[in-house]
Protein chains: 2
Amino acid sequence: MAAKANPVPSVWAREQSAPDQPALSRAAIVREAVVMLDADGIEALSMRKLGARLNAGATSLYRHVATKDELMELAVDEVAAEITVPPAGSPWRAAAAEAAESFRATALRHPWLSSTLGQAGLAYLGPNLMSYSERLAALFTAAGFPEPSRAIDTLLSYVIGMSTTEAAWLTTVARSGETEAGFIARLMPAAQQAASGHDHLAEAYADAATRVAVDPVTVRDAKFAYGLEVVLDGLEMRLPR
Amino acid sequence: MAAKANPVPSVWAREQSAPDQPALSRAAIVREAVVMLDADGIEALSMRKLGARLNAGATSLYRHVATKDELMELAVDEVAAEITVPPAGSPWRAAAAEAAESFRATALRHPWLSSTLGQAGLAYLGPNLMSYSERLAALFTAAGFPEPSRAIDTLLSYVIGMSTTEAAWLTTVARSGETEAGFIARLMPAAQQAASGHDHLAEAYADAATRVAVDPVTVRDAKFAYGLEVVLDGLEMRLPR
DNA sequence: CCTTCGATGCGAACACTGTACGCAGCTGCG
DNA sequence: CGCAGCTGCGTACAGTGTTCGCATCGAAGG
C-alpha cells in the first residue's frame with residue numbers, strides 16, 4: 001500500500017470544478033444512479049447501464065467517480081439530504097419521533113439506503129450525513145441528555161434495523177409482482193409448515209396473517225411506532241429529572 | 001488446470017477415493033462456505049473458489065445447492081444455531097439481555113450474518129432460525145407480554161441494527177490491516193475535517209477519540225449495553241404489573 | 001452376470017460485471 | 001497559432017453466477 005500524505009483520502013476532499021451541467025458531471029451521474037437504484041434495486045445498477053442511461057460509455061463515468069463504491073457513497077449522501085430533523089429546542093420527544101419517522105420514510109422511498117448505510121459502518125462522511133448527525137446531536141444535547149451520542153446511537157440502531165428489514169421485505173414483495181397481501185397469502189403455507197411443531201410461532205403467524213390481510217401498511221406502521229415508543233420511553237428515563 | 005493428462009492409464013496410477021474427506025454433500029458445502037465467509041468476507045466467496053476448496057469443480061456444487069442465494073440462506077441458518085436463548089420461565093430481563101448478547105456475539109463472530117439477515121427480510125425460514133424465534137416467543141410469552149411478537153421485533157431491530165454497523169466497522173478495520181485504535185487514529189483527521197463547522201459533532205468525535213484510544217472493545221461493549229438497557233427499560237414498562 | 005438407470009461430477013460456454021489503459025478529439029490559455 | 005490538459009470511449013482483462021451436455025459410476029433389476 002502506498003503511504004500517502006493524506007491518511008484517509010475522502011471523496012469529499014476532492015471538489016468538483018464546473019458547477020454548470022454539461023451532459024456528464026458528477027452531480028448528473030449521482031442523480032441518475034439514485035433513479036436507477038430506486039427503480040430496479042441495488043443489484044440492477046451497473047456502470048454500463050448507468051452510462052447508457054446518460055448517453056455515455058461505461059468507462060466515461062470513471063472520469064468523475066473513482067469507483068463504484070464511491071458512487072454508492074455519493075448516492076447515499078444524496079438521499080440523506082431528504083431526512084429531516086426538527087430544530088434543537090423543539091419539544092424533545094416529538095422531535096425525536098419525527099426524526100425517526102423521517103428516516104424510515106426516506107429508507108422506504110429508497111429501499112437500498114438502509115442496507116448500504118448499515119454495511120458502511122461509520123465510514124461515510126458525506127456533508128449531508130454529517131449535517132444530519134449534527135442536527136441530531138444538537139437536538140439531543142439541547143434536550144439535556146448527559147450522553148447524547150449514546151442516546152442517538154441507540155435510536156439510530158433501532159431505526160436502521162427496523163428499516164432495513166422492512167425495506168428488504170418490500171423489495172421481495174415488489175419483485176414478486178404481487179400485492180403485499182397476496183404475497184403474504186402465497187407465502188403463508190410455507191411459513192406455517194416451517195413453524196409446525198413451534199407452538200408460539202404458529203400462533204403468531206396465524207395472528208399476523210389475519211391482521212395483515214386487512215391492511216399491511218397500517219400493520220407495519222404500527223409495528224414501527226410500537227418499537228419507537230419503547231425506545232423513546234427508555235431514553236426518557238435517562239433524562240435528568 | 002494441469003489436470004494430469006495421464007498418457008499411460010494404469011489401474012495403479014489411478015488414485016482411489018481417499019477417505020480423508022467426505023464426498024460432496026450439502027452439509028460439507030455449507031460448512032466450508034461458512035469458513036470462507038468468516039475468513040475473507042462476503043464478497044470473497046465465489047462458487048469457483050468454494051468448489052476449489054472442496055476439491056471439486058465449481059459447477060458440481062449446483063447438484064446440491066440450487067443457487068448462491070440459497071447457499072447463503074443455508075449458511076445463515078447454519079450459524080443461527082449458535083445463538084442461545086435462555087429457557088422460558090427464566091427471569092425475563094436477564095434472559096432477554098443474554099439472548100441479545102448472544103446474538104451480538106454470534107454476529108461479530110460471523111460478520112456477514114447481520115447484513116445478510118437484514119437484507120433477507122422475513123424470507124428465511126430455516127429450521128434453526130425458526131427454533132430461535134420460537135424460543136424467543138416462548139420466553140416473552142412466559143414473561144407476560146401482551147404482544148410478545150411486537151416486543152421481540154423491537155429488541156431484534158435494535159440488536160440487528162447495532163450488530164450490523166458494528167460488524168461492518170470491524171470488517172473495514174480488519175481489511176485495513178491495522179489495529180482498531182490505529183485505524184481510528186488514521187481516520188480521525190478526515191473525520192474532524194468533515195465535522196468542521198458542526199460543533200456538537202466535532203466535540204463528540206474528540207470525546208470518542210480519547211475514550212477509544214484506551215480500549216476500543218470496552219467502548220463498543222458499553223455502547224451496546226447502554227442501548228440494550230434502554231430497550232429493555234422501555235419493554236419492561238409494557239409488562240402488566 | 002449383464003444391462004439399465006438415476007445420480008453425480010465437471011469442462012466448456014454464455015452473458016454479465018468492475019475497472020485499467022491508451023488513444024482520440026475538444027477547449028481554453030499563453 | 002500551438003500546445004496542454006481535460007474529457008469521452010473502445011478494447012481488454014480477470015473475474016462472476018449459472019446452463020448444458022457429456023462422462024462416470026454404483027446400485028438395482030432381469
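First the proteins, then the strands, lettered A, B, ... as listed; each starts at 1.
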Interatomic distance, [X] [atom1] vs [N] [atom2] [rounded to whole Å]:
| X | N | atom1 | atom2 | answer |
| --- | --- | --- | --- | --- |
| Leu50(B) | dG15(D) | CG | P | 17 Å |
| Glu70(B) | dG17(D) | CD | P | 15 Å |
| Leu61(A) | dG10(D) | CG | C1' | 14 Å |
| Met47(A) | dG10(D) | CE | C1' | 16 Å |
| Leu24(B) | dG26(D) | CG | P | 16 Å |
| Tyr62(B) | dA13(C) | OH | C1' | 14 Å |
| Arg63(B) | dT18(D) | CZ | C1' | 13 Å |
| Lys68(A) | dG15(D) | NZ | P | 19 Å |

* Asked: Taking the six-membered ring for Trp, are Tyr132(B) and Phe103(B) parallel (under 30°), tilted (30 to 60°) or perpendicular (over 60°)?
  -> tilted
* Pairing of Lys223(B) and Glu166(B) as salt bridge, 4.0 angstrom limit ->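 Here Lys223(B) does not pair with Glu166(B) in a salt bridge, since their nearest N and O are not under 4.0 Å apart.
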* Once you round to the nearest 0.5 Å, how far does CE of Met130(A) lie from CG of Asp77(A)? ->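 These two atoms lie 10.0 Å from each other.
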* Pair of N/O donor and acceptor under 3.5 Å linking dG15(D) base with Arg48(B) side chain ->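 There is none.
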* **Donor-acceptor pair present, Thr59(A) side chain and dG10(D) base, under 3.5 Å** =>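 A donor-acceptor contact between them is present.
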* To do: Please indicate whether Gln193(A) has more than 12 foreign heavy atoms, meaning atoms of other residues, nucleotides or ligands, lying under 6.0 Å from its CD.
  => no
Give a yes/no answer on whether the side chain of [X] brings an N or O atom under 4.0 Å of OP1 or OP2 in [N].
| X | N | result |
| --- | --- | --- |
| Lys49(A) | dC16(C) | no |
| Ser60(A) | dC9(D) | yes |
| His64(A) | dC6(D) | no |
| Ser46(B) | dG15(D) | no |

* Structure fact -> When Asp69(A) and Ala56(B) are each assigned the nearest nucleotide of DNA chain C, the 5'-most assignment goes to Ala56(B)
* Report which part of the nucleic acid Leu54(A) touches: base, sugar-phosphate, or nothing (heavy-atom distance under 4.0 Å, all strands). => nothing
* Asked: Hey, mind stepping through Leu170(A) and Leu108(A) against side chain to side chain contact (heavy atoms under 4.5 Å, CB included) and telling me if it holds?
  -> CA-CA 8 Å; Leu170(A) 289 179; Leu108(A) 296 189; 4.1 Å; yes
